[in-house]
Amino acid sequence: MDDDLPTDFQVIVVGTGMVESIVAAACSRIHKNVLHLDSSDHYGGLWASYNFDGLQKFIKEVNSDPEKQVQVYNLREQWYIEKESPSEEEKGEAKEDGKTEPSKKIWSQASFAAEYRKFNIDMTPKLLFSRGPLVELLISSNIARYAEFRCVTRVLTWLDDHLVPVPCSRADVFATEAVGIVEKRMLMKMLTSIVAYNEEEMNNEFKDWNDKTFKEYLTHKGLTPNLIHYVLFAIAGGTDAMPCLEGVRECKKFLMSLGRYGNTPFLWPMYGSGELPQCFCRLCAVFGGVYCLNRPIDSVETKTVEEGKTKVVIESKSKTLNCEHLVIGINECPKDLVSPEPAETCDISKAVFITNGTIMKSEKEPLTLLRFPPLVEGGGAVTVLEVGPATGSCPKGLFVVYFITNKVSDAETDLRPYADKIFDLSGGDQTEETDKPKCLWSLFYNVKDTSGAAGSAAAGVHVCSGPDAGLDFDRAVEQAEQIFKKICPGEEFLPRAPDPEEIVFEDDVTHGPEFQREDEDADGDAKE
């Protein structure tokens with residue numbers, strides 16, 4: 001490959017995270033000459049999805065060489081099941097009529113390893129708002145054809161020490177028995193008014209609330225404690241300290257996405273969030289982008305050439321590559337190229353659990369968003385996502401559950417109290433009937449927050465931020481568009497790509513017989 005790889009490109013992108021992949025697709029789509037590199041042997045970086053074997057290799061790599069994965073730390077894996085399956089003496093339990101009932105599958109570490117390909121476990125699990133920027137971009141650019149999605153079927157919250165469904169739609173609000181008739185009308189009136197505001201009206205309406213919290217506003221509106229809990233924690237996804245205007249905007253975003261595809265505002269990508277960067281990479285490749293994985297860069301420098309233009313020179317595997325613009329993920333970027341602007345950061349605590357049942361029983365397989373309010377005064381809210389076999393995330397009979405919050409102490413200390421509320425972490429008999437699903441495996445880890453806007457200390461170099469602790473991809477889409485506009489001012493950001501059947505190649509066109517005018521016959525007819 002070294003001998004065949006050209007040396008001059010208009011745009012070189014380093015890293016296959018979400019922001020980098022969107023920029024690569026946008027540049028390639030308008031026929032820029034793009035080279036896309038990644039030091040790993042897989043797509044996505046910190047946005048990747050792993051099968052179970054790939055995740056085990058990642059864990060081993062982080063533990064054995066922390067310098068190679070400096071952005072991930074405090075990583076702790078724990079098994080709650082045996083290494084080998086117990087001997088299957090009885091295939092089922094005998095009933096009185098002599099028939100046997102198939103027993104519940106007993107999982108072991110060996111059975112996880114045997115079915116490792118059926119897992120797709122995300123490093124950065126996120127949802128899409130049905131009317132959010134990413135969904136609109138996927139539709140308008142026609143990249144949606146590369147992906148499949150499932151609707152989140154329910155939103156839950158933790159209220160009075162147990163899980164409670166959150167009424168999302170108007171029908172849910174009036175069907176729920178958790179709130180009274182007067183409360184329902186009060187809630188609908190307030191939510192309807194929030195949806196009606198445009199940005200200017202919102203700023204005018206809430207100008208006197210700039211230094212107050214959203215909870216104070218909800219209390220001022222006369223909402224009961226239960227309604228305040230639903231709106232503040234479950235719909236806005238906030239805490240007691242959430243600023244008023246931020247809470248109103250988050251509520252509006254939630255409400256505007258209701259009813260487009262399902263009963264909740266959210267979509268989940270089939271096979272995990274790590275599929276989405278790959279969708280944009282596919283489009284980049286379709287329009288001529290060149291891809292090289294497992295190719296780290298050794299050095300980056302900028303040179304001034306004729307007419308004051310800047311050229312970026314990259315050394316990679318003893319080959320010199322030149323480009324007009326370098327787009328690089330912050331974790332791949334040499335420190336001297338990142339502008340030393342101070343940015344307030346709060347690292348992220350994450351956890352992944354694999355369980356043998358859903359956190360709250362349902363008739364059909366659920367796809368769940370749970371928003372936990374802080375369990376302690378001054379703590380952070382915790383976002384929980386539960387996905388099942390129908391999403392391609394795990395084998396039948398299991399669920400994968402993700403926990404995300406802002407770091408206070410370390411991942412296990414921050415998140416374990418929340419896990420204890422909804423899981424049985426004691427191990428033991430998997431066939432035992434319990435109120436909570438049994439946890440079979442868990443992974444706690446912290447991630448450095450690199451989501452703040454990163455400046456570049458060199459012309460022609462554009463630094464992409466890493467994933468944030470937010471629920472959606474909005475920040476990644478926004479940053480990708482900003483970088484694209486710096487590289488290609490005046491160009492359309494990801495115009496619609498044609499479907500295969502719409503593409504016509506000149507060489508493939510079958511022309512009809514050439515038209516010949518019979519002048520002589522025409523003249524003869526005229527004379528007669």
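Model, not experiment: these values are computed from the prediction.
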Criterion side chain to side chain donor-acceptor pair (under 3.5 Å) on S451 and D449, from CA distance to verdict: CA-CA 6 Å; S451 63; D449 184 10; 2.5 Å; yes
Test log, rule side chain to side chain contact (heavy atoms under 4.5 Å, CB included), inputs C151 and W268: CA-CA 6 Å; C151 294; W268 171 264; over 6 Å; no
S39 versus E332, side-chain donor and acceptor atoms under 3.5 Å: yes
Polar side-chain atom of S64 near backbone of K60 as donor-acceptor pair, under 3.5 Å: yes
4.5 Å side-chain heavy-atom contact, K303 and T310: no
Check: C284 main-chain N/O paired with S28 side-chain donor or acceptor under 3.5 Å: yes
S426 side chain reached by Y80 side chain, heavy atoms, under 4.5 Å: no
Ring-ring centroid check Y418 W158, cutoff 6.0 Å: no
Residues, nucleotides or ligands: over 12 heavy atoms within 6.0 Å of R150 CZ: no
Donor on one side chain, acceptor on other, D38 and T16, under 3.5 Å: yes
Ring centres under 6.0 angstrom apart (F52, F119): yes
Atom pair CG/CD1 of L440 and I81 - distance to nearest 0.5 Å: 5.0 Å
Parallel, tilted or perpendicular: ring planes of F112 versus W79, cut at 30 and 60 degrees: perpendicular
Side chains of I12 and V34 in contact at under 4.5 Å (non-hydrogen atoms): no
Side chains of N446 and D347, donor plus acceptor under 3.5 Å: no
Shortest non-hydrogen separation from F280 to L134 and the atoms involved: CZ-CD1, 4.0 Å
Minimum side-chain heavy-atom gap K438-N356 below 4.5 Å: yes
Side-chain heavy atoms of L370 within contact of T383, under 4.5 Å: no
Residues I59, L75; criterion side chain to side chain contact (heavy atoms under 4.5 Å, CB included); working and verdict: CA-CA 8 Å; I59 293 169; L75 194 147; 3.4 Å; yes
Residues that K485 engages under side-chain hydrogen bond (donor to acceptor under 3.5 Å, both in side chains), provided they are two or more places apart: E481
Spacing of L5 atom CG and L321 atom CG [to the nearest 0.5 Å]: 5.5 Å
Polar side chain donor-acceptor pair, S49 to N120, under 3.5 angstrom: no
Any donor-acceptor N or O pair under 3.5 Å, side chains T157, R371: no
Any donor-acceptor pair under 3.5 Å from Y445 side chain to A351 backbone: no
P389 backbone acceptor or donor facing S393 side chain under 3.5 Å: no
Over 12 non-hydrogen atoms of neighbours within 6.0 angstrom of CE in M360: yes
Expected output: side-chain K436 to main-chain D420 donor-acceptor under 3.5 Å: yes
Student check: side-chain heavy atoms of T7 and K319 closer than 4.5 Å: yes
Heavy-atom side-chain contact between W107 and Q109 under 4.5 Å: no
Rounded distance (nearest 0.5 Å) linking atom NZ of K118 with atom NZ of K396: 10.0 Å
Parallel, tilted or perpendicular: rings of H42 and Y50 (30°, 60°): perpendicular
Qualifying residues under salt bridge (charged side-chain N to carboxylate O under 4.0 Å, His left out), relative to E478, sequence neighbours excluded: none
Verdict with supporting geometry, E115 and K105, salt bridge (charged side-chain N to carboxylate O under 4.0 Å, His left out): CA-CA 13 Å; E115 299 196 47; K105 179 167 182 177; 2.7 Å; yes
Listed partners of F444 passing ring pair (Phe, Tyr, Trp, His ring centres under 6.0 Å), at least two apart: F353
Verdict with supporting geometry, R416 and L425, side chain to side chain contact (heavy atoms under 4.5 Å, CB included): CA-CA 10 Å; R416 182 104 187 188; L425 297 168; 3.8 Å; yes
Least distance between heavy atoms, V387 atom then Y402 atom: CG2-CE1, 4.1 Å
Between S442 and E77, a side-chain donor and acceptor under 3.5 Å: no
Criterion salt bridge (charged side-chain N to carboxylate O under 4.0 Å, His left out) on E246 and K253, from CA distance to verdict: CA-CA 11 Å; E246 182 187 339; K253 185 159 73 169; over 6 Å; no
Heavy-atom neighbours of R117 CZ exceed 12 at 6.0 Å: no
Residue pairs, two or more places apart or on separate chains, that pass ring-ring contact (aromatic ring centres under 6.0 Å, His included) and touch residues 4-36: H36-Y291
Verdict with supporting geometry, V72 and F58, side chain to side chain contact (heavy atoms under 4.5 Å, CB included): CA-CA 10 Å; V72 179; F58 176 80; 4.0 Å; yes
No-hydrogen, no-angle side-chain donor-acceptor test under 3.5 Å, S349 and D414: yes
With R282 via salt bridge (charged side-chain N to carboxylate O under 4.0 Å, His left out) - residues at least two apart: E275
Whether E250 side chain and I235 backbone form a donor-acceptor pair below 3.5 Å: no
K350 and D122: CA distance, side-chain angles, deciding distance, salt bridge (charged side-chain N to carboxylate O under 4.0 Å, His left out) verdict: CA-CA 11 Å; K350 295 188 177 185; D122 276 301; over 6 Å; no
Test ring pair (Phe, Tyr, Trp, His ring centres under 6.0 Å) applied to F254 and F266, step by step: CA-CA 9 Å; F254 183 102; F266 305 108; 5.7 Å; yes
Side chain proximity check, L283 to L494, heavy atoms < 4.5 angstrom: yes
Distance, nearest 0.5 Å, that separates SG of C464 from CD of E20: 4.5 Å
Side-chain donor or acceptor of S316 paired with backbone N/O of P296 under 3.5 Å: yes
Nearest atoms (heavy-atom pairs only) where I328 meets P334: CD1-CD, 4.1 Å
Distance-only side-chain donor-acceptor flag, S465 / R475, under 3.5 Å: no
Pairs flagged by ring-ring contact (aromatic ring centres under 6.0 Å, His included) wherever residues 133-155 is involved - sequence neighbours left out: none
L276, V23, L46 screened by side chain to side chain contact (heavy atoms under 4.5 Å, CB included) with M18, the one that passes: L276
